[in-house]
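It should be emphasised that the depicted structure is a prediction, and the values quoted were computed from it without experimental measurement. Proteins get letters first, then strands, A, B, ... in listed order; numbering begins at 1 in each.
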2 protein chains.
Amino acid sequence: MNKSFEGYESSSSGKAVPRSLQVADQLRESILSGGIPPGERVNEVQLSQRLGVSRTPTRAALHALAAEGLLDYETNRGFTVREYSPQSVAEGYEIRAVLEGLACRLAAARPPDPKVTALFEDALALGDDVVAGFEGTTAQMEAYRQSNVLFHTAVITAADNQMLEDTLRLALARPATSLRNIVSFSQNPVRRRHDDHHRIYDAIRAGDGWRAELLMREHVTSVKYNELERRPAR
Amino acid sequence: MNKSFEGYESSSSGKAVPRSLQVADQLRESILSGGIPPGERVNEVQLSQRLGVSRTPTRAALHALAAEGLLDYETNRGFTVREYSPQSVAEGYEIRAVLEGLACRLAAARPPDPKVTALFEDALALGDDVVAGFEGTTAQMEAYRQSNVLFHTAVITAADNQMLEDTLRLALARPATSLRNIVSFSQNPVRRRHDDHHRIYDAIRAGDGWRAELLMREHVTSVKYNELERRPAR
DNA sequence: CCAGCCTAAAGTGCGCACACTTTGCGCATC
DNA sequence: GATGCGCAAAGTGTGCGCACTTTAGGCTGG
């Protein structure tokens, strides 16, 4: 299975990537980016032709995405893109909040690992740079987005738990709940969120799991409220 | 041997269940019950023959279970049963604890729904009966197990959130983390856990999300410690 | 006797064909 | 004009075969 959170499964790795995985990745991307509207039926034959593969790998991908919860499946009727109510999306952030909070608590309980430390410090350093001269340019927003992904990925890595990783990947692979989805790019929210990152890392490093957990919960929950503000009813 | 011995035509619904789903269910059951040891490779052809179906539905099921996290997948090497370290299992309970805690908080925030109320009261009534004259007989243990499943299912239903339901289902579908896995059947633990259930329900009904969340977290966490005690190192 | 290569067997990747189910539309009936 | 009815087209379910990759021995040269 694809083990990256925001991963591009580059075919340049030398390994031949099976079509079934390619189809799964492309389809996932289409769904997450809204390219295929929720509720729409996914036709095996059409999808196969559009992607230039036969039905067999397509079917494998569809079954996988259904197991991930991105698609609904009905016998003899095929797959449809699952719909999530706005309320459901909001509660998706709650899920992220408690799970990433747990990840912080577990991370704080672990002895420091140089590799993990490097991940955190890279993420924070990138964020520091962005925040220093933040003016809201596209490049800066992209850089901040990246530092955000790096930081949250570092937390998950630091927790070092396969099941949590799986569970979180599922929770993150939802429209509008993704890590890439930075809600507000105005200066103060960005500064504040970056400051949160520093505090969370400090708490983890200090072994203060309780503080790290609460900080992360609030950190993610605040994004939920930003999101709700941005799209009041939809 | 195609459709030779399919006696029942799916008694409940009359719908034909696709082989791919049947295979997925059987395989999931085998894995969860330990019938296939962790780390073992799953051979498509052998599995297909054992279940009397062709490779096609088998492949679909394998891809689905891989997406669920029960199997690992490697290109051109196929599927293996995922291994979970004892530590991982322990942290599986942590995941359950925070997620079911969240479910309780959400449930408490909802207006009461008669159907949900009925679910809770059925589960609790069954538990009351069992606890009343508990002697540890097999039938009683089975009944308690059932009341436990019913109660936790009621909580998830009460939270009424598709994403949370998906996420929890995944977290519960793990060896040793399953709801069915009642660790201790001695009298006091059973009484205590059943009392927890009552308190949790009271808190939800009273709209006290904070109390409900904390009670559930402790409730599940205590099972983790029981489990760790029971299988010290392994 | 060991290391490395070479080859055959085993196993996965995937296209394809055909059976069965669902869906949509036109026609007959009331 | 509304309501079924039935048939054909579209779509899913699954068996099957062949190409390509991995794996496991056995053989050969050092």
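Screening residues 146-158 of chain A for salt bridge (Lys or Arg N to Asp or Glu O under 4.0 Å) gives no qualifying pairs among residues at least two apart or on separate chains. Annotation: ring-ring contact (aromatic ring centres under 6.0 Å, His included) contacts involving residues 36-67 of chain B, sequence neighbours excluded, comprise B:His63-B:Tyr73, B:His63-B:Phe79. For the ring-ring contact (aromatic ring centres under 6.0 Å, His included) condition, no pair includes a residue of residues 41-62 of chain B, sequence neighbours left out.
Contacts of residues 48-61 of chain A with DNA chain D (heavy atom under 4.0 Å): A:Arg55, A:Arg59.
Between B:Glu44 atom CD and D:dT21 atom P the separation is 16 Å, expressed in whole Å. Computed from coordinates, the B:Gln22 CD to D:dT14 C1' distance equals 12 Å when rounded to whole Å. When the C1' atom of D:dT14 is taken as reference, atom CG of B:Leu62 falls 15 Å away, rounded to whole Å. Look at CG on B:Asn43: it is 13 Å from C1' on C:dA9, rounded to the nearest Å. D:dA19 atom C1' lies 11 Å from atom CZ of A:Arg19, rounded to whole Å.
A:Val42 comes within 4.0 angstrom of the backbone, heavy atoms only, and of no base. When heavy atoms are screened at a 4.0 angstrom cut-off, B:Phe79 is found touching no nucleic acid atom at all.
Sequence order on DNA chain D of the closest nucleotides to B:Asn76 and A:Glu74 puts A:Glu74 first from the 5' end. Comparing A:Arg41 and A:Pro18 by the nucleotide of DNA chain C whose heavy atom lies nearest to each, the residue mapping closer to the 5' end is A:Pro18.
Salt-bridge annotation for A:Glu165 and B:Arg82: absent, with no side-chain N of the basic residue lying under 4.0 Å from a carboxylate O of the acidic one.
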For residues 114-127 of chain B, which side-chain N or O atoms pair as donor and acceptor with protein atoms under 3.5 Å away, sequence neighbours left out?
{"from": "B:Thr117", "atom 1": "OG1", "to": "B:Asp113", "atom 2": "O", "distance (Å)": "3.0"}
{"from": "B:Glu121", "atom 1": "OE2", "to": "B:Tyr201", "atom 2": "OH", "distance (Å)": "3.3"}

Output side-chain donor-acceptor pairs under 3.5 Å for residues 32-41 of chain A, partner residues at least two apart or in another chain, one line each.
{"from": "A:Ser33", "atom 1": "OG", "to": "A:Glu29", "atom 2": "O", "distance (Å)": "3.0"}
{"from": "A:Ser33", "atom 1": "OG", "to": "A:Ser30", "atom 2": "O", "distance (Å)": "3.3"}
{"from": "A:Arg41", "atom 1": "NH2", "to": "A:Arg77", "atom 2": "O", "distance (Å)": "3.1"}

